J.: 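One structure, as structure tokens, below. Some questions next.
Here the structure is a predicted model, which means the values were calculated and not measured. Note that ligands are numbered from 1 as they come in the structure, with each ligand's atoms numbered from 1 the same way.
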Amino acid sequence: MRVVIAGGHGKIALLLEQLLTQRGDQAVALIRNPAHVADVEKIGAEAAVVDLETASAGDVAALLTGADAVVFAAGAGPGSGTARKDTVDRGASVLLAEAAGQAGVRRFVQISGMGVDRPPAAGTDEVWSAYIRAKFAAEEDLRARDLDWTVLRPGGLTDDPGTGQVALATPPLPRGSVPRADVAAVTVALLDRPRTSGQTLDLVSGDTAVAEAVAHLAT
Ligand SMILES: NC(=O)c1ccc[n+]([C@@H]2O[C@H](COP(=O)([O-])OP(=O)(O)OC[C@H]3O[C@@H](n4cnc5c(N)ncnc54)[C@H](OP(=O)(O)O)[C@@H]3O)[C@@H](O)[C@H]2O)c1
């Protein structure tokens, strides 16, 4: 399987690329900083340098040609302001989905976030509100497209080692956290099970093995 990952030098993305390349799949990391090429290649992935805030859908589609699936794992990240929540967390996802359609790559897994469908409470920090709005708008855009999409909404991300044990279900799950390594493992399992398409899923640490949790949803 050839999988293109947007935000390819991100923490989840690097773990995902490692899982894919270790088992013989091809991973292509879309990164914006040429200094990140070596890190990506070191784990056996291909790198393609593209800035998802300035590229056209056609530019990105050219990089997706021949792929079996795409994963959106980019994010403006902590420290960014409201403008980049819109241009990256929403805009780059919309661009990737548009490009996937143009390139004929139907399978699309979007890393979203738990609770983004709940409007922020009055008085919520402006940047956090912009983040929630951007993530939900990206989801809504994807759900409206004729693609085989799965929206994955992890809870709070940690850098703890993966446990392989998760709770994965149609929202809402009780709030919780999950290691990025387990998000990467779930993403691989979702890619392996295209019958999970059309689902929006909450993900936190739990007591079900990843393969079993995903198989249960792929009915
Ligand atoms: N933090 C949480 O608790 C939490 C919870 C649920 C969901 N999430 C979501 O999980 C996802 C991934 O998380 P993570 O921790 O793996 O993210 P991360 O380490 O912050 O990685 C995000 C990546 O996106 C890239 N990016 C930013 N702007 C870009 C652009 N214009 N073009 C191309 N790439 C760009 C960044 O590249 P640069 O290094 O060049 O900036 C970075 O490599 C994010 O979408 C986040 O919203 C987070």
Side-chain angles (χ1 to χ4, degrees), residues 4-19 27-40 43 45 47-57 59-60 63-64 70-97 99 108-118 127-139 141-142 150-160 162 166-168 171-173 175-187 190 200-205:
V4 179
I5 299 133
H9 191 263
K11 289 181 176 176
I12 292 174
L14 288 168
L15 294 162
L16 172 61
E17 288 151 17
Q18 204 155 20
L19 289 178
V28 183
L30 303 187
I31 55 178
R32 63 174 177 158
N33 184 347
H36 291 158
V37 170
D39 290 342
V40 162
I43 56 173
V49 178
V50 58
D51 186 331
L52 298 173
E53 287 165 279
T54 55
S56 69
D59 294 337
V60 180
L63 300 171
L64 303 188
V70 297
V71 176
F72 181 79
S80 57
T82 55
R84 293 197 67 238
K85 301 304 182 195
D86 185 64
T87 54
V88 182
D89 292 282
R90 184 199 60 78
S93 179
V94 169
L95 180 77
L96 189 71
F108 193 117
V109 176
Q110 183 188 64
I111 310 296
S112 184
M114 233 172 131
V116 301
D117 52 344
R118 288 193 290 274
V127 176
W128 181 253
S129 298
Y131 170 71
I132 298 294
R133 277 197 306 275
K135 293 298 269 186
F136 189 59
E139 287 191 356
D141 173 84
L142 185 58
T150 304
V151 173
L152 181 61
R153 290 180 178 167
L157 299 174
T158 75
D159 292 325
D160 295 341
V166 297
L168 177 71
L173 281 176
R175 288 178 69 86
S177 62
V178 60
R180 287 178 171 86
D182 286 332
V183 180
V186 168
T187 303
L190 291 172
T200 299
L201 300 168
D202 275 357
L203 170 65
V204 292
S205 291

J.: Output yes when Arg153 and Asp117 qualify as a salt bridge under the 4.0 Å nitrogen-oxygen rule, no when they do not.
T.: yes

J.: Would you be so kind as to tabulate the donor-acceptor pairs closer than 3.5 Å made by side chains of residues 76-85, with sequence neighbours excluded?
T.:
unit_1 : atom_1 : unit_2 : atom_2 : d
Ser80  : OG     : Gly77  : O      : 2.5
Ser80  : OG     : Lys85  : NZ     : 2.8
Arg84  : NE     : Glu53  : OE2    : 3.2
Arg84  : NH2    : Glu53  : OE1    : 3.1
Lys85  : NZ     : Gly77  : O      : 3.0

J.: Do Ser93 and Gln110 have side-chain N/O donor and acceptor atoms under 3.5 Å apart?
T.: yes

J.: Do side-chain atoms of Asp202 reach the backbone of Leu173 as a donor and acceptor pair under 3.5 angstrom?
T.: yes

J.: Just checking, any donor-acceptor pair under 3.5 angstrom between side chains of Asp39 and His9?
T.: yes

J.: Side chain of Lys135, backbone of Ile111: donor and acceptor closer than 3.5 Å?
T.: yes

J.: Below 3.5 Å only, please: the N or O atoms of ligand 1 paired with protein N or O atoms, distance on each line.
T.:
unit_1   : atom_1 : unit_2 : atom_2 : d
ligand 1 : 3 (O)  : Leu157 : N      : 3.0
ligand 1 : 15 (O) : Arg180 : NE     : 2.8
ligand 1 : 15 (O) : Arg180 : NH2    : 3.0
ligand 1 : 16 (O) : Lys11  : N      : 3.2
ligand 1 : 16 (O) : Ile12  : N      : 2.8
ligand 1 : 19 (O) : Lys11  : N      : 2.9
ligand 1 : 24 (O) : Gly75  : N      : 3.2
ligand 1 : 24 (O) : Gly75  : O      : 3.4
ligand 1 : 28 (N) : Arg84  : NH2    : 3.2
ligand 1 : 31 (N) : Asp51  : OD1    : 2.8
ligand 1 : 31 (N) : Glu53  : OE1    : 2.7
ligand 1 : 32 (N) : Leu52  : N      : 3.0
ligand 1 : 40 (O) : Arg32  : NE     : 2.8
ligand 1 : 41 (O) : Arg32  : NE     : 3.4
ligand 1 : 41 (O) : Arg32  : NH2    : 2.7
ligand 1 : 43 (O) : Gly10  : N      : 3.1
ligand 1 : 45 (O) : Ala74  : O      : 2.7
ligand 1 : 45 (O) : Lys135 : NZ     : 2.7
ligand 1 : 47 (O) : Tyr131 : OH     : 2.7
ligand 1 : 47 (O) : Lys135 : NZ     : 3.3

